[in-house]
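Chain letters run A, B, ... following the sequence lines, proteins first and then strands; every chain starts at 1.
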Amino acid sequence: MRSSYRHLPDGPEEALQPIGVALTYTYMTTNRAKVLLWLLHMPSCCSMAVQFGHIAGYPTGSPFKNREELRIAGLHSQNMAGISGNAKTGADAIVVSGGYVDDADYGEIIIYTGHGGRDPNTGRQIRDQELIDSGNAALVRSELEGLPVRVIRGRHNKRHHQSPFAPSSGYRYDGLYRVESHWAKMGVDGFRVWQFRLVKLKDGEVSTPKDTSPASIDQYAVGPAPVTTSIMQRIVRNSMIAHIVKSWYSHECQVCGLAIQVEGGLYSEGAHIRGLGQPHHGPDVPENLLCLCPNDHVRFDNGAIYLTDELHVMDALTGQAVGQLRVHKNHKIDLRHVAYHRECWTKD
DNA sequence: GGGCCCGCAGGG
DNA sequence: CCCTGCGGGCCC
């Protein structure tokens with residue numbers, strides 16, 4: 001019997017997550033039913049949640065037998081692909097198993113090759129990689145927004161080159177990294193590959209120099225926080241709040257309307273109205289955050305522009321209004337913080 | 001070990 | 001639906 005190869009879980013419930021439609025979809029067999037469910041699934045498929053940061057119950061060092069276990073645990077959404085996530089929300093996890101010849105694993109630093117352009121049988125590159133491929137663009141998005149990426153190392157088999165950091169069997173969760181930079185280069189097979197430099201985030205490392213704010217808003221927490229990693233969760237949460245605000249504006253600056261375009265996506269910055277930490281103690285909440293282009297971020301942080309209570313944008317040099325702040329309907333801006341910022345930069 | 005084929009999630 | 005992707009089990 002050919003079908004006797006197939007590995008099925010002992011009971012449907014134990015191996016599958018409780019996500020109604022997805023569960024049903026998994027067990028549909030006829031093509032017609034699949035198409036129907038696919039159509040039903042389409043309108044909501046873009047809002048699939050992507051979990052950033054640590055996953056509760058799976059501390060750094062947690063072992064996994066295979067990719068399926070990683071998927072069920074929620075550490076990595078893909079069954080085969082190395083990059084989990086999408087271009088819009090960012091990459092939440094990668095699997096490092098040396099599958100690409102241009103990879104390099106230095107432990108705390110990983111040079112990770114993007115996907116695409118590979119012959120699935122030989123593993124060699126047979127064409128150029130594209131940055132707009134969703135997985136590659138997802139890593140760019142994580143870089144632009146400072147999102148933490150879960151790194152999972154897999155056993156390196158004979159086809160892959162060896163890394164001393166790879167587990168001897170299965171997969172191992174190795175903690176959170178940030179995407180520091182990316183670039184294109186000619187791969188060893190003679191085709192362009194995109195590469196990403198990932199640097200391990202240490203407990204105690206802060207993502208922004210000014211960040212000493214109390215982690216006071218639990219509604220933006222990304223999943224249940226593991227007990228021993230509160231600092232890490234705060235970093236994650238900061239990124240996520242900026243992520244939410246930026247998404248309201250599609251990275252368009254609230255002052256000038258510009259969205260910086262780079263290959264792989266749009267860029268904007270989350271600017272705190274009332275500074276975080278000493279001595280301002282501004283909260284890290286959407287009500288205290290603006291989505292700005294880098295130029296207006298610098299102008300705002302240094303008092304070259306400030307806001308009135310009517311959210312007019314004021315030029316500090318001339319004292320004249322130069323525009324109206326753009327505000328999304330979901331974005332409630334706390335005027336107390338606006339006043340605090342204004343009083344830092346005006347004489348009376 | 002190589003080859004085959006079955007697999008699923010996500011994006012187009 | 002199609003296709004791709006740093007799987008994986010099993011046969012030989």
Q | Rounded distance (Å) that lies between atom P of dG7(C) and atom CD1 of I83(A) | A | 12 Å
Q. Counting only heavy atoms not in I132(A), do more than 12 sit closer than 6.0 Å to its CD1 atom?
A. no
Q | Candidate nucleotides dG8(C), dG10(B), dG9(C), ranked by approach to the side chain of S77(A) - the nearest | A | dG10(B)
Q: Take the protein atom CD1 of I132(A) and the nucleotide atom P of dG10(B), then report the distance between them rounded to whole Å.
A: 21 Å
Q. M80(A) CE to dT4(C) C1': how many Å, rounded?
A. 9 Å
Q: Please step through salt bridge (charged side-chain N to carboxylate O under 4.0 Å, His left out) for the pair K332(A) and E287(A), ending with a clear verdict.
A: CA-CA 6 Å; K332(A) 311 292 179 221; E287(A) 291 80 1; over 6 Å; no
(Q) Side chain of R67(A), heavy atoms from C-beta onward: which of dG9(C), dC6(C), dC8(B) has the nearest atom to it? (A) dC6(C)
Q: May I ask you to test the N79(A)-E68(A) pair for a side-chain heavy-atom distance under 4.5 Å?
A: yes
Q. Can a cation-pi geometry be assigned to R155(A) and Y171(A), taking NZ or CZ under 6.0 Å from the six-membered ring centre and within 45° of the ring axis?
A. no
Q: Describe the nucleic acid contact of G116(A) in one word from base, sugar-phosphate, nothing, applying a heavy-atom distance below 4.0 Å.
A: sugar-phosphate
Q) Could you spell out the base pairing of DNA chain B in dot-bracket, with Watson-Crick or G-U pairs whose two distances are under 3.5 Å, [ ] crossing and | to another strand? A) ||||||.|||||
**Q.** Test: E130(A) and R192(A) ion pair at under 4.0 Å
**A.** yes
Q: Would you indicate what T113(A) reaches in the nucleic acid, counting non-hydrogen atoms under 4.0 angstrom: base, sugar-phosphate, or nothing?
A: base
Q. Separation of D92(A) atom CG from dA9(B) atom P, in whole Å?
A. 15 Å
Q. Within this structure, what is the CZ-to-P distance between R118(A) and dC3(C), rounded to whole angstrom?
A. 20 Å
**Q.** Per H115(A) side chain, nearest of listed nucleotides dA9(B), dC6(C), dG9(C)
**A.** dC6(C)
Q: Using the C1' atoms only, state how far dC6(C) lies from dG12(B), rounded to an integer number of Å.
A: 22 Å
Q.
Under 4.0 Å, counting only non-hydrogen atoms across every strand here, what does G117(A) touch: a base, just sugar-phosphate, or nothing?
A. sugar-phosphate
(Q) Tell me whether the rings of H331(A) and Y249(A) are parallel (<30°), tilted (30 to 60°) or perpendicular (>60°). (A) perpendicular
Q.
By nearest atom, which of the nucleotides dG11(B), dG9(C), dG5(C) is closest to the R127(A) side chain?
A. dG5(C)
(Q) Rounded to whole Å, please give me the gap between CG in N79(A) and P in dC3(C). (A) 20 Å
Q.
Please report the distance, rounded to the nearest Å, between CZ in F64(A) and C1' in dG7(C).
A. 16 Å
Q. Where the side chain of R71(A) is concerned, which of dA9(B), dG9(C), dG11(B) is the nearest nucleotide?
A. dA9(B)
Q. Would you say S84(A) reaches dG5(C)'s phosphate, i.e. side-chain N/O to OP1/OP2 under 4.0 Å?
A. no
Q: Check the distance between dA9(B)'s P and Q78(A)'s CD and give it to me in whole angstrom.
A: 9 Å
Q: Using modelled atom types only, decide if a donor and an acceptor are shared between the side chain of R150(A) and the backbone of G53(A) within a distance under 3.5 Å.
A: yes
Q) Taking OP1 and OP2 of dC6(C), is either one under 4.0 Å from a side-chain nitrogen or oxygen of Y171(A)? A) no
Q) Heavy-atom distance under 4.5 Å between the side chains of V193(A) and Y100(A), does that happen here? A) no
